[in-house]
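A short write-up of the structure that comes next.
Letters go in sequence order (proteins before strands), and every chain restarts at 1. Worth saying up front: this structure is predicted, and the values here are computed from it rather than measured.
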Amino acid sequence: MKKSKFYVTTPIYYVNDKPHIGHAYTTILADVLTRYHESIGDEVFFLTGLDEHGQKVKQAAEKRNLSCQEHCNDLAPRFINLWEKLEIKYSDFIRTTQERHIKLVQSVLQKVYEKGDIYMDEYEGWYSVAEERFITATEKESGQFRDVKMLKERNWFFKMSKYQRNLIDHINNNPQFIRPESRKNEILGFLRQPLGDLCISRPKERMDWGIEIPFDREYVTYVWFDALLNYVTGVGFEADNDKFNKWWPADIHLIGKDILTTHSVYWSTMLFSLGLPLPKTIFAHGWWLIGETKMSKSLGNVVNPLDMAEQYGVDALRYYLMREMVLGQDSSFTLESFIKRYNSDLANDFGNLLNRVSGLIGKYFDSVVPAVKGKTAAEEDIEKSFNELMPKIRTLILEFKINEAIEETMQLIRKVNKYLESQAPWKVAKENLERAGTILYTATEALRLAAILLLPVMPSKCGRVMEVLSADKTELLWGGLKSGTKLQTHEALFPRIEEEKK
RNA sequence: CGCGGGGUGGAGCAGUCUGGUAGCUCGUCAGGCUCAUAACCUGAAGGUCGCACGUUCAAAUCGUGUCCCCGCAACCA
């Protein structure tokens, strides 16, 4: 069977931001999808990176008396180190100040310009002197901006409107293009209004930290062409045709709901202009709320993923983020729910199950995995549960329903705990050791398979289970656990978090 | 009437497309077990499925109206 390819991206994060739980969520999600697809034999390319141009970077650099590039180089490790800590297996890390990207952006601008899709016009709008940027009418009405005045400026525009019809047709013909569906409807609603053109430049005199427009040296390109093109630079557009043809179009762009318009409208029309295929899916996930409120720097309620990972473990954080967020919706992040999730799912159900079987096998079989002799209906039932789970998980992952896939796997784990309870091998062992062996093999084998299913979410802890069972690289098929294998001694997989402090 | 999504036991969600015993996790209460990380298992209490009207033998599920919450409304990541 021919291997499929899977190309997944996260947004490139703004280098001036401190990584927060939202960045971690998107990136972990991409990583989980990557690991899952690898596990079913797909070839995967996972791209993430940094957006390093723009006004705020320039201001921050000036304040620190550094060049813009030095400032970026100094901040980039915030993300790179965090991803390493969180066990993110990206294929490439793109930074918009890299030569390969600058070259590509300029080439693309030139191409689109020659095609006649870029023109000079006068932009007139509300300009905030304090913020040094144009603001929208809505923003002006919010009254949160000082020194607002009407300003005229000549700028370059991209003929986005030209592709409005194509885009609407594409969305209608490709139900998987924008997901979840509510977001698709939102965009279709938005597209019912005539689309304007997109201002894509800034005069250098006002802002020069950006990629120079190849056909007008007085200007740099502003965010859109600069940032969005990273998705094609990353897989070698115009630099390596084989590579590019292999990976493009992306299978999924993971984004937060805040940048849905940017991706589904701006990016798509850019691709139309370039004559490139559109990504197969743009998936907009929700936001992490802190308790009931939006996370914001000014409120100071930003959750730092590094702290969480250090205090409670990387895998626990990954598990919580993946299990707790419901597809496309906002979720509430609280320490309380984190601890609850951790204790009930990871410590009590999963970790404890390992302890139960390894303890029993230690006591009655000298830590050697026993053989199966004479399956009863109870064993058949466990085996059947697993066999039914497999295709279910596959479907759920391909639908990006990670939380449901996890829950289904946890159901299997709970079922094995029930099975142990009803079969009571610790009693059976006293009169029928062979029967006890069959029970313990069945429970351990189910645990092994559950651990493989959870491996993409919790690479180290599930990897640890595989080590304990000496089952590294065993397959996701019933019976992969070898009787006669000696179990390794181990510590508690997920020690309970005792809630003492307040 | 700008567009879209949602209101299900104390909490968080599933079920709505393809009407027909309202399901899962957590929490609460009672019991069991004792292999295990005071973990695990069983049972119970708790819902007029936002509200009203309608279609139907039958509605959380379809239709209409209404109230409430949230998102989008563009050049802002």
Side-chain angles (χ1 to χ4, degrees), chain A residues 11-14 16-17 51 54 56 123 125 128 131 133-139 142 155 157-158 160 180-193 195-200 222-224 227-228 255-266 284 286-287 289 323-332 334 336-337 339-341 343-364 401 403-404 406-408 410-411 413-414 416-429 436 439-440 443 491-498:
Chain A
I12 47 175
Y13 305 114
Y14 198 54
N16 259 30
D17 290 339
D51 180 5
K56 283 182 183 163
Y123 182 80
S128 160
E131 286 273 313
R133 69 172 177 93
F134 283 93
I135 58 173
T136 66
T138 323
E139 281 180 314
S142 75
N155 264 309
F157 285 78
F158 168 60
M160 195 156 72
E181 195 172 351
S182 55
R183 297 292 166 195
K184 178 186 94 173
N185 294 336
E186 199 172 292
I187 292 297
L188 279 174
F190 172 70
L191 286 171
R192 249 171 244 143
Q193 308 294 319
L195 207 51
D197 289 338
L198 190 65
C199 178
I200 59 159
Y222 174 69
V223 65
W224 317 120
L228 291 164
I255 59 168
K257 62 181 185 180
D258 49 328
I259 51 176
L260 178 65
T261 310
T262 321
H263 281 72
S264 51
V265 181
Y266 304 177
W287 278 342
L289 306 177
R323 173 61 186 85
E324 198 75 6
M325 184 165 281
V326 174
L327 189 74
Q329 297 183 26
D330 290 350
S331 283
S332 164
T334 64
E336 234 182 312
S337 71
I339 292 176
K340 210 173 262 179
R341 208 36 109 182
N343 279 342
S344 65
D345 291 3
L346 298 180
N348 298 351
D349 289 343
F350 187 36
N352 185 44
L353 177 60
L354 175 65
N355 261 28
R356 298 182 84 178
V357 296
S358 74
L360 287 163
I361 291 177
K363 190 164 174 184
Y364 297 106
K401 296 183 178 173
N403 60 320
E404 289 181 40
I406 292 174
E407 179 55 26
E408 291 287 346
M410 289 310 299
Q411 292 289 357
I413 289 173
R414 290 188 196 106
V416 176
N417 273 317
K418 287 186 182 85
Y419 165 77
L420 281 180
E421 196 63 30
S422 67
Q423 299 303 314
W426 51 91
K427 273 186 194 160
V428 174
I439 296 165
L440 288 173
E491 62 301 328
L493 198 59
F494 295 100
R496 268 182 78 83
I497 300 171
E498 300 304 336

What is the base-pairing partner of B/C76, counting Watson-Crick and G-U wobble geometry with both distances under 3.5 Å? none
Interatomic distance, CG@A/L360 vs CG@A/N355, rounded to 0.5 Å, equals 10.0 Å
For A/R414 and B/C41, give me the distance from atom CZ to atom P, rounded to whole Å. 9 Å
Determine the interatomic distance between C1' on B/C33 and the same-named atom on B/C26; round to the nearest Å. 23 Å
B/A14 to B/C76 separation - C1' atoms, rounded to the nearest Å: 36 Å
Measuring to OP1 and OP2 of B/C40, would you say a side-chain N or O of A/Y419 lies under 4.0 angstrom away? no
Quickly work out the A/L420 CG to B/C40 C1' distance and round it to whole Å. 9 Å
Under a 3.5 Å limit for both distances, which nucleotide forms a Watson-Crick or G-U wobble pair with B/G71, could you say? B/C3
Sorted by chain and residue number, the salt bridge (charged side-chain N to carboxylate O under 4.0 Å, His left out) partners of A/K401 (sequence neighbours excluded) come out as none
Does a side-chain heavy-atom distance below 4.5 Å link A/T261 with A/E186? no
With a non-hydrogen cut-off below 4.0 angstrom, is A/D345 in contact with a base, only sugar-phosphate, or nothing? nothing
Please enumerate all residues that pass side-chain contact (heavy atoms from CB on, under 4.5 Å) together with A/Q411, with sequence neighbours excluded. A/E407, A/R414
Are the side chain of A/D197 and the backbone N or O of A/F157 linked by a donor-acceptor pair below 3.5 Å? no
If we take the C1' atom in both B/A60 and B/U42, what is their distance in whole Å? 30 Å
Let me have a per-nucleotide readout for nucleotides 6-17 of chain B, 5' to 3', with B, S or -, counting only protein heavy atoms under 4.0 Å. -------SS---
Roughly how many Å is it from CD in A/Q411 to C1' in B/C40, rounded to a whole number? 15 Å
What heavy-atom pair brings A/G286 and A/K257 nearest, and what distance separates the two atoms? CA-CD, 4.4 Å
Under 3.5 Å, is there a donor-acceptor pair between the side chain of A/N343 and the main chain of A/I497? yes
Assign A/G256 to base, sugar-phosphate, or nothing according to its heavy-atom contacts below 4.0 angstrom with the strands shown. nothing
By nearest-heavy-atom nucleotide on RNA chain B, the more 5' of A/K418 and A/F494 is A/F494
Whole-Å C1' distance, B/C57 and B/G19: 12 Å
Using whole Å, what does the distance between atom P of nucleotide B/G71 and atom CD of A/E186 come to? 11 Å
Any base atoms under 4.0 Å from A/L260, or only sugar-phosphate, or nothing? Heavy atoms, all strands. nothing
What I'd like to find out is whether the side chain of A/E324 reaches to under 4.5 Å of the side chain of A/N403, using heavy atoms alone. no
Closest-nucleotide mapping onto RNA chain B: is A/L493 or A/N185 further toward the 5' terminus? I mean the 5' end. A/N185
Which part of the nucleic acid, if any, lies within contact of A/A424, taking any heavy atom under 4.0 Å across all strands shown: a base, the sugar-phosphate backbone alone, or nothing? nothing
Within residues 347-356 of chain A, find the residues that approach RNA chain B with a heavy atom at under 4.0 Å, and present them sorted by residue number. A/A347, A/N348, A/D349, A/G351, A/N352, A/N355, A/R356
Partners of A/Y266 by ring pair (Phe, Tyr, Trp, His ring centres under 6.0 Å), sequence neighbours excluded? A/W224
With a 3.5 angstrom cut-off on both distances, give the Watson-Crick or G-U wobble partner of B/A30, or none if there isn't one. B/U42
In whole angstrom, give me the gap between the C1' atoms of B/C49 and B/G9. 10 Å
Under a 3.5 Å limit for both distances, which nucleotide forms a Watson-Crick or G-U wobble pair with B/C51, could you say? B/G65
Separation of B/A38 atom C1' from A/E498 atom CD, nearest Å, is 8 Å
Show me the protein contacts with nucleotides 27-33 of chain B, counting only N or O atoms at under 3.5 Å.
residue : atom : partner : partner atom : Å
B/G32   : N2   : A/E421  : OE2          : 3.1

To the nearest 0.5 Å, what is the distance between CG (A/L440) and CZ (A/R356)? 10.5 Å
Calculate the interatomic distance between A/L346 atom CG and B/U37 atom C1'; express it in whole Å. 12 Å
With a 4.5 Å heavy-atom cut-off, do A/D258 and A/W287 have their side chains touching? yes
Could you measure between the two P atoms, the one in B/G7 and the one in B/G50, and give it in whole Å? 7 Å
Can you find a heavy atom in the side chain of A/V265 that is under 4.5 Å from one in the side chain of A/M160? yes
Can you tell me the base-pairing partner of B/G20? Count Watson-Crick or G-U wobble geometry only, both distances below 3.5 Å, and say none if there is no partner. B/C57
For nucleotides B/A11 and B/U28, find the distance between their P atoms and express it as a whole number of Å. 15 Å
Could you check whether A/I200 gets within reach of a base, just the sugar-phosphate, or nothing at all, counting any heavy atom under 4.0 Å? nothing
What distance, rounded to whole Å, do you find between the two P atoms, one in B/G12 and one in B/A73? 27 Å
How many Å lie between CD1 on A/I259 and P on B/A73, as a whole number? 13 Å
In whole angstrom, give the distance that lies between atom CZ of A/F190 and atom P of B/A74. 7 Å
Taking any heavy-atom pair under 4.0 Å as a contact, classify A/V223: base, sugar-phosphate, or nothing. base
The reported gap from OG1 in A/T334 to NZ in A/K340 (rounded to nearest 0.5 angstrom) is 8.0 Å
Please confirm whether the shortest side-chain N or O distance from A/Y266 to OP1 or OP2 of B/C76 is below 4.0 Å. no
With a 4.5 Å cut-off on side-chain heavy atoms, are A/N417 and A/N348 touching? no
Counting only Watson-Crick pairs (N1-N3 plus N6-O4 or O6-N4) and G-U wobbles (N1-O2, O6-N3), all under 3.5 Å, who is the partner of B/A36? none
Run A/R341 and A/L346 through side chain to side chain contact (heavy atoms under 4.5 Å, CB included) and show every step you take. CA-CA 7 Å; A/R341 208 36 109 182; A/L346 298 180; over 6 Å; no
